[in-house]
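Below is one structure, written out as structure tokens; comments come after it.
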Amino acid sequence: MAIPPYRIFFDTSVYIAGLRSPDGAARELLRLVESEAICMVVSDEVILEVDRVMSEKFPGLIQESRRFWKELKPEVVPNPSSNDIKPFLEKLHKGDASILCSAHLAKVPAFVTWNTRDFMAHGVNSLVDFPIVTP
């Protein structure tokens, strides 16, 4: 029986940074996903946000991004209910609250982001029982 890979919740910022840069920590995390050393966990919200950001800021990479999602085969978890998200809205704006709440409900051991301003703001870590880290 194979040991299940380490499940890490990826924020939008990490996926985009990894896609855009052939070097760097975010790309290394995506390489670990490709090699199945870790399992990438995302929510529906992350996928939609990636698509929106890529369309607005990097339209030349949108097709590559969509192809890459298929190759990575992330575990996609649903967005949280309005009841689940309530405590997260006290510390984060709606999009970030939804993403972090999804990670919490997915029971991941870690959340990785480049958005340190919001996800590492005072008190946000008290909402979850896992570390919020940068790549």
Side-chain angles (χ1 to χ4, degrees):
M1 179 182 204
I3 297 172
Y6 193 67
R7 296 170 66 241
I8 299 175
F9 198 100
F10 281 60
D11 181 36
T12 305
S13 59
V14 175
Y15 176 81
I16 291 174
L19 182 67
R20 292 194 60 234
S21 173
D23 302 314
R27 178 56 79 125
E28 286 304 313
L29 283 174
L30 293 178
R31 284 188 183 106
L32 288 170
V33 173
E34 285 179 294
S35 70
E36 298 181 359
I38 63 173
C39 176
M40 175 186 206
V41 181
V42 296
S43 64
D44 292 326
E45 178 91 19
V46 169
I47 293 173
L48 290 173
E49 187 175 53
V50 165
D51 213 41
R52 181 184 53 76
V53 171
M54 296 301 291
S55 295
E56 290 173 7
K57 296 184 179 183
F58 313 105
L61 293 175
I62 191 71
Q63 292 307 319
E64 181 181 350
S65 174
R66 290 174 180 165
R67 178 190 53 76
F68 203 36
W69 277 126
K70 291 177 184 175
E71 288 178 17
L72 293 174
K73 300 177 195 134
E75 176 186 338
V76 181
V77 298
N79 294 332
S81 71
S82 55
N83 275 344
D84 289 330
I85 199 173
K86 281 180 184 176
F88 292 82
L89 290 170
E90 294 176 16
K91 304 273 185 196
L92 295 162
H93 69 79
K94 187 177 181 192
D96 288 341
S98 175
I99 289 170
L100 191 60
C101 184
S102 291
H104 172 72
L105 294 172
K107 300 189 183 322
V108 294
F111 179 90
V112 64
T113 184
W114 277 122
N115 181 354
T116 58
R117 184 190 71 208
D118 296 317
F119 288 115
M120 294 183 183
H122 179 72
V124 171
N125 64 340
S126 68
L127 297 168
V128 295
D129 57 356
F130 49 76
I132 299 171
V133 299
T134 60

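All residue numbers refer to positions in the sequence shown, counting from 1.
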Glu49 and Arg52 ion-paired at < 4.0 Å: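 Salt bridge: yes.
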Would you mind checking if Arg66 and Asp51 are paired as a salt bridge, meaning a charged N to carboxylate O distance below 4.0 Å?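 Salt bridge between Asp51 and Arg66, a charged N being under 4.0 Å from a carboxylate O: yes.
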Give the cluster check for [X] versus [Y]: same hydrophobic cluster or not, with ILVMFWY residues linked at side-chain heavy-atom distances below 4.5 Å.
{"X": "Leu29", "Y": "Val133", "answer": "yes"}
{"X": "Tyr6", "Y": "Val128", "answer": "yes"}
{"X": "Leu105", "Y": "Leu100", "answer": "no"}
{"X": "Leu72", "Y": "Phe58", "answer": "yes"}

Can you check whether [Y]'s main-chain N or O pairs, donor with acceptor, with [X]'s side chain at less than 3.5 Å?
{"X": "Asn115", "Y": "Asp118", "value": "yes"}
{"X": "Ser35", "Y": "Leu32", "value": "yes"}
{"X": "Tyr15", "Y": "Ser65", "value": "yes"}
{"X": "Ser126", "Y": "Gly123", "value": "yes"}

Of all heavy-atom pairs between [X] and [Y], which one has the smallest distance, and what is that distance?
{"X": "Ala26", "Y": "Pro135", "answer": "N-CB, 3.8 Å"}
{"X": "Val124", "Y": "Phe119", "answer": "CG1-O, 3.3 Å"}
{"X": "Asn79", "Y": "Ser102", "answer": "CA-OG, 3.7 Å"}
{"X": "Phe130", "Y": "His104", "answer": "CE2-CA, 3.7 Å"}
{"X": "Glu28", "Y": "Arg31", "answer": "OE2-NH1, 2.5 Å"}
{"X": "Thr134", "Y": "Val112", "answer": "C-CG2, 3.8 Å"}

[Y] and [X], any side-chain heavy atoms less than 4.5 Å apart:
{"X": "Glu34", "Y": "Phe68", "result": "yes"}
{"X": "Arg7", "Y": "Glu75", "result": "yes"}
{"X": "Pro131", "Y": "Phe111", "result": "no"}
{"X": "Pro78", "Y": "Ser43", "result": "no"}
{"X": "Phe9", "Y": "Val46", "result": "yes"}

Once you round to the nearest 0.5 Å, how far does [atom1] of [X] lie from [atom2] of [Y]?
{"X": "Thr12", "Y": "Ile99", "atom1": "OG1", "atom2": "CD1", "result": "4.0 Å"}
{"X": "Met54", "Y": "Ile62", "atom1": "CE", "atom2": "CD1", "result": "6.0 Å"}
{"X": "Ile85", "Y": "Ser98", "atom1": "CD1", "atom2": "OG", "result": "4.5 Å"}
{"X": "Glu45", "Y": "Asp96", "atom1": "CD", "atom2": "CG", "result": "9.0 Å"}

As a quick check of understanding, evaluate side-chain contact (heavy atoms from CB on, under 4.5 Å) for Ile16 and Trp114, giving each step before the final call. CA-CA 10 Å; Ile16 291 174; Trp114 277 122; over 6 Å; no
What do the steps show when you test Ser81 against Asn83 for side chain to side chain donor-acceptor pair (under 3.5 Å), and what is the final call? CA-CA 5 Å; Ser81 71; Asn83 275 344; 5.5 Å; no
Using a cut-off of 6.0 Å, state whether more than 12 heavy atoms not belonging to Arg117 lie near its atom CZ.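 No - once you tally the heavy atoms of other residues, nucleotides and ligands closer than 6.0 Å, there are 12 at most.
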Is it true that, when you exclude His122 itself, more than 12 heavy atoms of the residues, nucleotides or ligands shown sit nearer than 6.0 Å to its NE2?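 No.
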Is there a side-chain contact (heavy atoms from CB on, under 4.5 Å) between Asp129 and Lys107? Walk through the geometry before answering. CA-CA 9 Å; Asp129 57 356; Lys107 300 189 183 322; over 6 Å; no
Walk me through whether Val108 and Ile8 qualify under side-chain contact (heavy atoms from CB on, under 4.5 Å). CA-CA 6 Å; Val108 294; Ile8 299 175; over 6 Å; no
Please determine whether side-chain contact (heavy atoms from CB on, under 4.5 Å) holds for the pair Asn125 and Met120, giving the CA-CA distance in whole Å, both sets of side-chain angles, and the decisive distance to 0.1 Å. CA-CA 7 Å; Asn125 64 340; Met120 294 183 183; over 6 Å; no
